[in-house]
Amino acid sequence: MSSSLNRKPVSQKGYLLVENVEHDFVRTQVLQNIGFTVQAGEVYALVGPSGCGKTTLLHLCNGLLDLQDGIIENTFQKTASMFQQPRLLPWKTCLDNMTLGLKAKGWNKKDRNLKGLKLAKLVGLQPSDLEKFPHQLSGGMQSRVALARVLLLEPDLLLLDEPFSALDIGLKTELYQLLLEQQTQQDLAVLMITHDLMEAVRLSDNILLMKSKPGRIAASFKLTRPPSLRDDAWVYQTTAELLQQPIVRESFELPPPTSPSPVDLATREWSYTC
Amino acid sequence: MHLLRSTLRELPSYLWSGWGAICSLLLLMAAWQLVSELYGSLVLAQPLEAFASFKHLWNNQTLPEALIITGRRALSGLLLALGLGTGLGLLAGVSVTAAMMSRPLVTVLLGMPPIAWLVLAMLWFGASDGTPIFTVFVATFPMVFIGALQGARTVDNQLNEMAQTLQLPKRMMLFDVYLPHVFSYLFPAWVAALGMSWKIVVMAELLANQDGVGASLAVARSHLDSAASMAWIVAIVLLLLGIEYLFLEPIKRQVERWRVTEA
Ligand SMILES: Nc1ncnc2c1ncn2[C@@H]1O[C@H](COP(=O)(O)OP(=O)(O)OP(=O)(O)O)[C@@H](O)[C@H]1O
Ligand SMILES: [Mg+2]
């Protein structure tokens, strides 16, 4: 409930500014004129059809791709990225994979294992799983290890690439809760990619809708209700409302709605700009 | 240290699993007995004769001395190949051009039969230690080189990126990301090279030298001493088996624990 209330001036808290960013891969333009700003405590969701350049944009933000054109300014202290794949080191146990970032910061083994064990419980990993090697875990367990690996760093900006896509609904709900808790407690800024509009509606303050060929931002939706007050009914309702929007249908290449709008757009708690 | 400890811990259960291997070796022994009874001791000495001869050679120090000489030669050639092969292979793996240039060369080297190298080595080094050492070196070098090259070329860029975003320091990059991967390619190559070196050195000594296991085998053959010949062969095989199962296999199990699905 705090995210919009205690927003501090831009300069103190850190921000991620993206302006006029364009990107080409060997002669084809992948990103065109991308611009938005994420401030401390804000959750941005990036949705769009497969192949529209979401991952590319995220990799520009975390510095894995070199910026070709435009401005990206990241003044956050600690940025952590989670990838579309778990990317665990196959020769390290789960616990060692989870605590890799802490090891990089020079923590000793005892301290980082202690911290790792605590978080493992929160993301739903059993102590017995932690001694296993990645190939002995299910895909969902692997992605939980990857999520724990970035959360352990206590970042102030989280870049997430479809973090929940390999999980079942129950786990998803638990991890949404965990993410929102961490986010409000630590005034964390999040930029997350998702395929799932409902997930975006549940978690984010702003939804950036992308269109492909070339990837660009077609519309930006602002959700006014605080995430902690969003119950299931509200999430379904809002998702349905968004899916009625021609611009959303067009971007996902859905056919135009067959029946006239069953939802009442008058009570909507969101606004959008193109 | 940790590796050593867990290797030792698993040793008893590992040894126990060796019974199967011993059974099949005993069957082989029985077949040997059968053949030697069929064709007579001159063609193939009976196992017991061979073992008696083995004991005799062991007690009068000929066998241990020869083993030491041969082992020294094999190890010299092998260490040279491991060092140079690993170093050059990694270097070649890091650069795309070098990898492309060296691959056909190494394929030629790999395809060249060791006996051809031996002929050349005899021309160049005569009956000195140089002949077996060189032959072992050229025969095992390309195997190690290819292993190192493959390992360095296939480092996973995705893991690399992950490590970058976690801001792993250079030292951790090397020890936690690159080396374990490279080692998973290098280690099997090293093991293969070790087995190869032992066979090559015996062959080289047989044709080129006056001492060592290979030369002693040649002497036994020229005396038509079938029992002694078999004794030498038994010694060669035993040593190879010993290295393989008591030394390499347990290490391999530990090193590659993250790879295998435990049975
Ligand atoms: N390294 C690369 N070289 C050339 N083209 C690339 C490269 N990486 C991505 N592309 C292209 O850029 C486009 C955008 O890719 P990107 O991975 O950003 O898509 P995405 O929006 O993340 O898709 P998804 O939702 O399926 O993950 C795709 O058409 C892809 O083919
Ligand atoms: Mg993607």
Side-chain angles (χ1 to χ4, degrees), chain A residues 55-56 58-66 74 77-107 109 112 131-137 142-143 145-155 157-161, chain B residues 1-7 9-10 90 93 96 147-148 150-191 250-263:
Chain A
T55 301
T56 308
L58 209 72
H59 283 191
L60 284 168
C61 291
N62 65 19
L64 285 178
L65 283 173
D66 290 328
N74 181 357
Q77 303 290 316
K78 284 179 284 181
T79 305
S81 312
M82 185 178 162
F83 297 89
Q84 205 162 352
Q85 315 81 10
R87 303 202 182 180
L88 305 177
L89 296 174
W91 43 84
K92 284 194 173 290
T93 62
C94 285
L95 190 60
D96 288 346
N97 264 298
M98 258 169 77
T99 54
L100 195 66
L102 296 179
K103 187 176 176 192
K105 288 205 240 162
W107 286 47
K109 195 170 176 81
R112 54 177 204 259
E131 291 308 309
K132 292 183 179 162
F133 290 97
H135 77 96
Q136 296 167 311
L137 295 183
Q142 292 183 18
S143 60
V145 173
L147 181 66
R149 183 172 61 192
V150 291
L151 288 181
L152 271 181
L153 294 172
E154 294 178 349
L157 172 63
L158 253 185
L159 303 172
L160 305 173
D161 199 342
Chain B
M1 209 61 273
H2 170 75
L3 192 73
L4 189 66
R5 225 178 320 122
S6 51
T7 307
R9 188 154 19 86
E10 289 191 2
L90 288 180
V96 185
Q150 299 267 30
R153 285 234 58 72
T154 52
V155 165
D156 188 345
N157 191 42
Q158 291 202 340
L159 294 181
N160 205 350
E161 287 181 349
M162 181 277 293
Q164 240 174 296
T165 60
L166 289 183
Q167 294 173 343
L168 258 57
K170 280 240 158 55
R171 208 176 54 84
M172 270 181 74
M173 264 327 225
L174 188 67
F175 285 104
D176 291 332
V177 182
Y178 293 136
L179 286 187
H181 172 86
V182 169
F183 197 65
S184 71
Y185 279 79
L186 258 183
F187 190 71
W190 286 356
V191 171
I251 295 181
K252 197 151 84 186
R253 283 186 174 211
Q254 279 305 315
V255 169
E256 309 220 312
R257 209 153 50 98
W258 53 271
R259 225 186 231 292
V260 292
T261 327
E262 258 129 67

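Residue numbering restarts at 1 for every chain, and letters A, B, ... go by the order of the sequence lines. Since the model is a prediction, treat every value here as computed from it, not as a measurement.
- For A:K105, there are no salt bridge (charged side-chain N to carboxylate O under 4.0 Å, His left out) partners at least two apart in sequence or on another chain.
- Interface remark: A:L153 contributes side-chain atoms only to the contact with chain B (heavy atom separation under 4.5 Å).
- Using a 4.5 Å heavy-atom cut-off against chain B, the contacting residues of residues 81-90 of chain A are A:S81, A:F83, A:Q85, A:R87, A:L88, A:L89, A:P90.
- When atom types are taken as modelled, the side chain of A:W91 and the backbone of B:S184 share no donor-acceptor pair closer than 3.5 angstrom.
- Annotation: side chain of B:D176 is in contact with side chain of A:K103 (closest heavy-atom distance under 4.5 Å).
- Residue contact with chain A, scored on non-hydrogen atoms closer than 4.5 Å, involves the side chain of B:Q164 exclusively.
- Proximity to chain B (any heavy atom under 4.5 Å) is shown, for A:K78, by neither the backbone nor the side chain.
- One distance of note links CG of B:L168 with CG of A:L100; it measures 5.0 Å at 0.5 Å rounding.
- Atom CD of B:Q158 has more than 12 heavy atoms from other residues, nucleotides or ligands within 6.0 Å.
- For a residue to count as touching a neighbouring chain, one of its non-hydrogen atoms must lie under 4.5 Å from one of that chain's; by this rule B:M172 touches chain A with the side chain only.
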